[in-house]
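See structure below.
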Amino acid sequence: MHIVIIGNSAAGLAAARTVRKVAAGAQITVISDEPGPAYARCLIPEVLAGSRDLPGIGYVGADFYRQYGIELLAGQTVTSLDVEKRELTTANGRSIGYDRLLLATGASPVAPDWPGADLPGVFTLRKADQAAAAGRWARDCASAVVAGGGLVSLKAAYALKERGLPEVTVVVKSPHVLIKQLDAQSAALVEKELAKTGIKFVYGVEPVAAVKGPQGAVQAVELADGRRLPAGLVMVGKGVRPNVELARRAGGRVDKGIVVDDNLATSLPGVYAAGDCIEVTDMLTGDKTTSGLWTLAVEQGRCAGYNLAGLPGSYPPPLTRLNAAQFGALPFISAGDVRGGDETAVYQDGGVYRKVCFRDGRLVGFIMVGKVDRAGVYTALIKQARHIAGRLKDKVAGGTVTGADIVYSRTVPVR
Amino acid sequence: MQEVLVDKERCLGCRSCELACAVAHSASKTLLGAVGEAKKPLKRIFVHQTEAGKIPLNCRHCAEAPCIDACIAGAMHRTAEGVVTNTGGPAECTGCWMCVMVCPYGVIRSEIAQRLAVKCDRECLDEAGEPACVRACQTRALKYVEVDDFSREKRERFLISLKS
Ligand SMILES: Cc1cc2nc3c(=O)[nH]c(=O)nc-3n(C[C@H](O)[C@H](O)[C@H](O)COP(=O)(O)OP(=O)(O)OC[C@H]3O[C@@H](n4cnc5c(N)ncnc54)[C@H](O)[C@@H]3O)c2cc1C
């Protein structure tokens, strides 16, 4: 059996590993339009910062592909699928047959629609080569503007500061950074930590144009309120869009991402999909949404791996908000729904902040800043959707719940 | 694979396991030495007070470990012996706390200043192959056993997974 996986990253490799584990004899081919072995995509800000090079963020050992018997076709773009013939075509005209196919094509940054967005010096941050190119460009810059207040934008801003840029300004349309993950109080702590490095913030306004300088490259960013911020480099972090084109052009169902069933099968025969390219159902809201997280891509890749190998397994609706990071000396974690809920408990003491959100007696979200130990217990409580009351609830609200409490708590799960 | 199992009826909460774990992970490997070390040795087992009594908890080295899935650096991995650890693997831990965020047992520590996640790594086995926490447990609340050795009823008394 020949299993072909398009995507050499979180989802694709988790699938490949799983197939190898459960179907020792399968032939496995992994195709990627990026050169070289897999790298830790989330760590490309370190390449931008110049603190590591590409080999320094390798995701697998040197021997990985040989050890797992995986044929890696790196630097090859798949351009079309023929699902009737079970065959795909690459940009250099090669045809590759398969018995089962996995689309683990990830997502691409949303490009800005402003005039000047294609000027030299305007970047997005998704691939290692972009990070390296932006890092090289940054060497000759005195100032940078980062558009967007999401996690990738903040990591980019932090990296540009590490690179040594004197002026880095983050332009955020929302009233505070990390609007999806944090509330105003916790965001203020993160902002303060970032500001210590010299990063500046502008809120409530969006860039409308990149302005060309005398050398033909970007020199400034124009904001909606008419202000101009000098910018030798512009980093745009406006989110990502799932890479669905291969599936769509082959006639597969696509909505917010590639549509898959419980077994991660697409509507195309023999074709599965996993990772940032698919649409998932959020376990808390029941809404269809994009996946967008490394953790979920790995989970889905593994689940797809079983299905590819002919061992059916279903993928339950995931928790789609799940972020952890640290800037400077400040760690933070945010999971689930941190703005909704009908009851919240908040604790703040200097640089330590904790908020837990309940809805209908269940934990639906939390934020931890400054101290993050045992956060996973809270994540588990959200996932278990169990009714939380009495002493357990006090402990959850008070930040003292431990793994032992949930292993032995007498409360019954309700679903 | 061998697992550290917990008999919750037997734990008196003496914390000998915590101490032994910290000492085993110290530079000197002795209690006296460990106390004076500049880098405070860190325990990776935690005795918790619950409604059901005292319970020591450490990494279960889960079969499908969420911490491995979540590790964005590729540092958290499973060794050939089945041990889940973020040291000595294909990549270095960067202290992003993804593992801390997803471990349902809450047994991965975040060393903020060091940017290092710290967990049970089984780097504490004695000549007989027994972990320090188990060796230190005087009431035999902790046992190190081949999991398959256990009959079903016996396992009932032991904490083996969150699902149980
Ligand atoms: C800077 C940054 C920081 C991040 N931080 C976090 C974080 O802290 N936590 C978190 O959970 N997530 C984070 N993410 C998101 C995370 O990286 C993604 O969720 C994850 O990479 C998704 O994995 P994937 O395998 O689905 O897709 P991707 O990693 O996007 O990989 C897609 C693969 O498909 C290949 N491919 C696509 N199209 C084709 C084609 N036509 N032909 C051949 N090959 C193709 C690509 O070459 C690539 O190998 C971050 C992302 C970035 C950019």
Side-chain angles (χ1 to χ4, degrees), chain A residues 10 13-14 38-43 46 56-64 293-299 301-302 322-326 329-335 368 370-381 383-384 390-392 395 400-410, chain B residues 6 8 11 13 46-60 64-78 89-92 94-118 158-164:
Chain A
L13 288 188
Y39 60 88
R41 187 170 309 286
C42 309
L43 300 191
E46 305 208 7
I57 59 164
Y59 179 63
V60 291
D63 206 28
F64 173 80
L293 292 171
W294 184 271
T295 323
L296 301 188
V298 175
E299 276 175 18
R302 187 172 55 227
L322 211 50
N323 281 103
Q326 178 166 335
L330 194 74
F332 62 92
I333 291 180
S334 163
M368 289 184 187
K371 274 192 189 147
V372 296
D373 279 332
R374 285 178 285 103
V377 178
Y378 291 78
T379 306
L381 283 168
K383 287 187 181 168
Q384 290 172 357
R391 291 270 288 279
L392 183 62
K395 283 184 154 185
T400 59
V401 72
T402 70
D405 290 311
I406 73 171
V407 174
Y408 290 110
S409 97
R410 287 192 213 96
Chain B
V6 181
K8 62 177 197 271
C11 177
F46 309 89
V47 179
H48 294 304
Q49 177 70 55
T50 74
E51 281 182 52
K54 305 263 204 297
I55 295 163
L57 207 59
N58 71 351
C59 174
R60 315 312 302 161
E64 289 193 340
C67 58
I68 298 181
D69 288 1
C71 182
I72 58 175
M76 196 68 81
H77 67 289
R78 188 185 309 279
E92 240 176 88
T94 61
C96 73
W97 319 127
M98 297 284 285
C99 56
V100 173
M101 176 176 71
V102 299
C103 173
Y105 300 100
V107 291
I108 306 179
R109 305 178 71 140
S110 54
E111 282 310 297
I112 309 291
Q114 270 191 76
R115 296 297 297 263
L116 184 67
V118 173
F158 289 82
L159 161 62
I160 51 161
S161 102
L162 265 183
K163 284 160 210 142
S164 65

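Letters A, B, ... mirror the listed sequences (proteins, then strands); counts begin at 1.
- Considering only residues two or more places apart in sequence or on other chains, A:Trp294 meets the ring pair (Phe, Tyr, Trp, His ring centres under 6.0 Å) condition with A:Tyr59.
- Distance check, rounded to the nearest 0.5 Å: OG1 of A:Thr400 to CG of A:Asp405 gives 7.0 Å.
- Neither the backbone nor the side chain of A:Ala14 comes within contact range of chain B, judged by heavy atoms closer than 4.5 Å.
- Checked by atom type, the side-chain pair A:Asp373/B:Ser110 shows a donor-acceptor distance below 3.5 Å.
- In this structure, CZ in A:Arg374 is found 11.0 Å from CG in B:Leu57, a value given to the nearest 0.5 Å.
- For a residue to count as touching a neighbouring chain, one of its non-hydrogen atoms must lie under 4.5 Å from one of that chain's; by this rule A:Ala329 touches chain B with the backbone only.
- No donor-acceptor pair under 3.5 Å is formed between the side chain of A:Thr402 and the backbone N or O of B:His48.
- Within the 4.5 angstrom heavy-atom criterion, no atom of B:Cys67 approaches chain A.
- The choice from A:Val60, A:Leu296, A:Asn323, A:Leu293 that makes the most heavy-atom pairs within less than 4.5 Å of chain B is A:Asn323.
- Using a 4.5 Å cut-off between heavy atoms, A:Ile57 makes no contact with chain B at all.
- Residue B:Ile68 does not touch chain A at all, counting heavy-atom pairs closer than 4.5 Å.
- Residue A:Lys395 touches chain B through its side chain alone, counting heavy-atom pairs closer than 4.5 Å.
- Counting non-hydrogen atoms of other residues, nucleotides and ligands closer than 6.0 Å to CZ of A:Arg391 gives a total of 12 or fewer.
- In this view, A:Phe64 and A:Tyr68 satisfy the ring pair (Phe, Tyr, Trp, His ring centres under 6.0 Å) rule, not counting sequence neighbours.
- Ranking B:Lys54, B:Met98, B:Glu64 against chain A, the residue ahead of the rest is B:Glu64, based on heavy-atom pairs under 4.5 Å.
- Contact of A:Arg41 with chain B is not made at all, since no heavy-atom distance falls under 4.5 Å.
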